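Residue numbers begin at 1 in each chain, while the letters A, B, ... track the order of the sequences. Note that the structure is a prediction, hence the values are computed from the model and not measured.
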Amino acid sequence: MTTPRVRFAPAPTGFLHVGSARTALFNWLYARHHGGQMVLRIEDTDAALKTQQYVDAIIEPLRWLGLDWDEGPHFQSDRSQMHQAALRQLLDCGAAYFCDLTRDDIEQRCKQAGLPVGYHGWSRDRNVADGPGVVVRFRCPDLGETVVNDVVRGRVSFPNESLEDFVIRRGDGSITFHLANAVDDHDMAISHVIRGEDLLNTTPRVLLIREALGYSSPPVYAHLPLLVDDKRRKLSKRRHDVSLDDYRRRGYLPEAMVNYLALLGWGPPDEIEIRPIDEIIKLFDLDAVKPAPAFFDPVRLDHINSSYIKSFTPQQFAASADPFITSSDINRDSSVAASSSPSSISSRSVVESLAGDIQQRIARLDEVQGWIDWILSDEVSYDDKAWQKSIVKGRAAAEVLEAVEERLADDDFTSAERLEAIVMSVGDELSERHGVRVRSQAPVRVAVSGRAAGLPLWMPLRLLGKDETLSRLRKARSRLASSRP
RNA sequence: GCCCCCAUCGUCCAGCGGCCUAGGACGCCGGCCUUUCACGCCGGAAACACGGGUUCAAAUCCCGUUGGGGGUGCCA
């Protein structure tokens, strides 16, 4: 077998659908695995869709995923000469004919003839002349069958009598995708057509056109299993989050997305699912693709994404999280401690300092903000439940806050470990004095962050800086004092 | 209605006639770790849709049933 030539041929719809992304990925994997080529072809039947905006909506997500192509983008709208020539050829040899019947006309004829709704070749012998609003239909054979050889599904045969004479040129003179598809795939020497299962039923039409046009052996087909929702319905624009760009915006990593998508309809034989793309390329092949529909499971995507996030170095993590941080940099006395002179600290360096602790707590990059906002913000907003539980009802909370504030005033905030030791020792000492367990971390956490749960406190405290920490402790104490008579 | 596709734990995959008392992962449940929340670690429940064949032997091959899905456009 010579090296394969595949194509990814999306219609410009204004965004890239996750299903299309999966199709692009499988084409790409196949091409890369076999050292073949991938052609990008934009199926803009309507030339009005050939705008930069529509094209970018396809190209940018592909680039984001890291799926490159060797040729193109070609545009279907640029190839109308070829399409028209093929159309003429089909007309000349009698494989196609004109038809001026509207949908209503057809229905009426069916009703009158007592036939089920369908085209039934009504205009085959009416010798309709071409003119405005007149379409061209392809004459399908009445007998025999048309066979699609599919790598994923084996031999699929369609009885020709079940095929209607379909439209290959619209009333406005434009070519439909069946004809364009047959011509373009042939002209571009496509060896493998890898696409969604929803197109399996249209394949015999393309095959019939190819045959009528005298093309030699058809490409190898591979119809990939559909991506479905939890109710097993095809993913749709209306009902689901299908825009790849939305996933990017929510903090999914391209590596994770690609890895997950590769696992829908395919699995590595060694059962190691989360792995670098190079290994996936090596392992991937079309004959291992499963024919059954696959549920696009956001929970699993999250797991894979979180796994990639955990694998980042602090620098990588801070860099990829940066676009998702909405707070601006802060200006405080900061972690450089000892000196009380204010110095600027960037949100990015905060993320980098806390990377490990954040990484193990998130599945998406847009969650980073929620873990550090209290460090970057100037105002603490108290969660009411947390305040009640740890401060108002917390055992000896007032004493804890006072003692912690007092001792922290003597520290230089250069060591997170020491901050921890100080706060904990206050708890230990008060426990002894009261004869019951007194927790010191909880009230400090709430006083400083406003919340009951969060990152390990000590490094954030250091980043918050001495002045700000003491000030928040003080504020919490007075808030507590004023809340009870 | 007609045509086509599909069918292993809740989900995604492994399995391509004997290695299967069916394996991994996510999720779920329980435990350990932990003075927050997590991570991590250990353990557990959980599937070959059903019925016929073929075969010494079937989750694996064939047929049927049932169930799900897709298509049936002057969308792609």
Ignoring hydrogens and geometry beyond distance, is a side-chain donor-acceptor pair present between [X] and [Y] at under 3.5 Å?
X         : Y         : value
Arg170(A) : Ser174(A) : yes
Gln76(A)  : Asn181(A) : no
Tyr97(A)  : Asp165(A) : yes
Arg126(A) : Ser123(A) : yes

Just name whichever nucleotide pairs with [N], Watson-Crick or G-U, keeping both distances under 3.5 Å, else none.
N       : result
rG17(B) : none
rG64(B) : rC50(B)
rA22(B) : none
rG43(B) : rC29(B)

If you compare every side-chain N and O of Arg137(A) against the phosphate oxygens of rC74(B) (OP1, OP2), does one of them come in below 4.0 Å?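 Checking Arg137(A) against rC74(B): at least one side-chain N or O falls below 4.0 Å of OP1 or OP2.
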Less than 4.0 angstrom between a side-chain N/O of Lys290(A) and OP1 or OP2 of rC13(B), yes or no?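 Yes.
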Assuming nearest nucleotide by heavy-atom distance, tell me which of Gly133(A) and Arg445(A) is located more 5' along RNA chain B.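 This one resolves to Arg445(A).
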Taking for each residue the nucleotide of RNA chain B with the nearest heavy atom, is it Gln76(A) or Ala442(A) whose nucleotide lies nearer the 5' end?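 Going by which nucleotide is closer to the 5' end, it is Ala442(A).
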Examine distances only and state if a side-chain atom of [X] and a backbone atom of [Y] form a donor-acceptor pair shorter than 3.5 Å.
X         : Y         : result
Ser390(A) : Trp387(A) : no
Asn27(A)  : Ile194(A) : yes
Gln388(A) : Lys385(A) : no
Thr203(A) : Leu199(A) : yes
Ser80(A)  : His83(A)  : no

Hey, does [X] reach any base, or is it just sugar-phosphate, or nothing, if we go heavy atoms under 4.0 Å?
X         : answer
Pro291(A) : sugar-phosphate
Ala292(A) : sugar-phosphate
Asp150(A) : nothing
Gly196(A) : nothing
Val299(A) : sugar-phosphate
Ile272(A) : nothing
Ser390(A) : nothing
Phe177(A) : base
Arg153(A) : sugar-phosphate

Same-atom distance ([atom1]) from [N] to [M], integer angstrom:
N       : M       : atom1 : value
rC50(B) : rA7(B)  : P     : 15 Å
rG51(B) : rG67(B) : C1'   : 14 Å
rG24(B) : rA47(B) : P     : 14 Å
rC56(B) : rC48(B) : C1'   : 22 Å
rA49(B) : rA14(B) : P     : 15 Å
rC20(B) : rG1(B)  : P     : 44 Å
rG15(B) : rU8(B)  : P     : 14 Å
rC26(B) : rG43(B) : P     : 14 Å

Using whole Å, what does the distance between atom [atom2] of nucleotide [N] and atom [atom1] of [X] come to?
X         : N       : atom1 : atom2 : value
Trp374(A) : rU36(B) : CH2   : P     : 16 Å
Trp266(A) : rA14(B) : CH2   : P     : 9 Å
Ile274(A) : rC13(B) : CD1   : P     : 15 Å
Leu199(A) : rU72(B) : CG    : P     : 10 Å
Leu457(A) : rC37(B) : CG    : C1'   : 11 Å
His303(A) : rA38(B) : NE2   : P     : 16 Å
Asp357(A) : rU36(B) : CG    : P     : 14 Å
Asp44(A)  : rC75(B) : CG    : C1'   : 14 Å

Is rC39(B) syn or anti, taking syn as a glycosidic angle within 90° of 0?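 The base of rC39(B) is oriented syn (glycosidic angle within 90° of 0).
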Taking only heavy atoms on the protein side, list every residue of residues 96-113 of chain A lying under 4.0 Å from any atom of RNA chain B, sorted numerically.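 Within this stretch, Leu101(A), Arg103(A) sit under 4.0 Å of the strand.
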Members of residues 219-241 of chain A that approach RNA chain B, where some heavy atom sits under 4.0 Å away: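 Of all residues in residues 219-241 of chain A, the ones placing a heavy atom under 4.0 Å from RNA chain B are Leu226(A), Arg232(A), Lys234(A).
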Of the listed nucleotides (rA76(B), rU36(B), rC26(B)), which one gets closest to any side-chain atom of Ala453(A)?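 Looking only at heavy atoms from C-beta outward on Ala453(A), the closest nucleotide is rU36(B).
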Let's see if you can work this out: which of rC12(B), rU36(B), rA76(B) has an atom nearest to the side-chain heavy atoms of Arg361(A)?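 The listed nucleotide nearest to Arg361(A)'s side chain is rU36(B).
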When the ring planes of Tyr30(A) and His192(A) are compared, do they come out parallel, tilted or perpendicular, using 30° and 60° as the limits?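 Rings of Tyr30(A) and His192(A): tilted, as their planes differ by 30° to 60°.
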Fit a plane to each ring of Trp122(A) and His120(A), take the angle between them on a 0 to 90° scale, and name the class: parallel (under 30°), tilted (30 to 60°) or perpendicular (over 60°).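 Plane angle over 60°, so perpendicular.
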Are the ring centres of Phe8(A) and Trp28(A) closer than 6.0 Å?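 Aromatic pair excluded; centres sit 6.0 Å or further apart.
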Could you check whether the side chain of Glu273(A) and the base of rG24(B) have a donor-acceptor pair of N or O atoms closer than 3.5 Å, going by distance alone?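 Flag set: donor-acceptor pair detected.
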Polar side-chain contact Glu271(A)-rG23(B) base: donor and acceptor under 3.5 Å: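 Yes, the side chain and the base share a sub-3.5 Å donor-acceptor pair.
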Between Phe26(A) and Arg22(A), is there a cation-pi geometry (under 6.0 Å to ring centre, at most 45° from the normal)?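 Yes; both conditions hold, so Arg22(A) lies above the ring face of Phe26(A).
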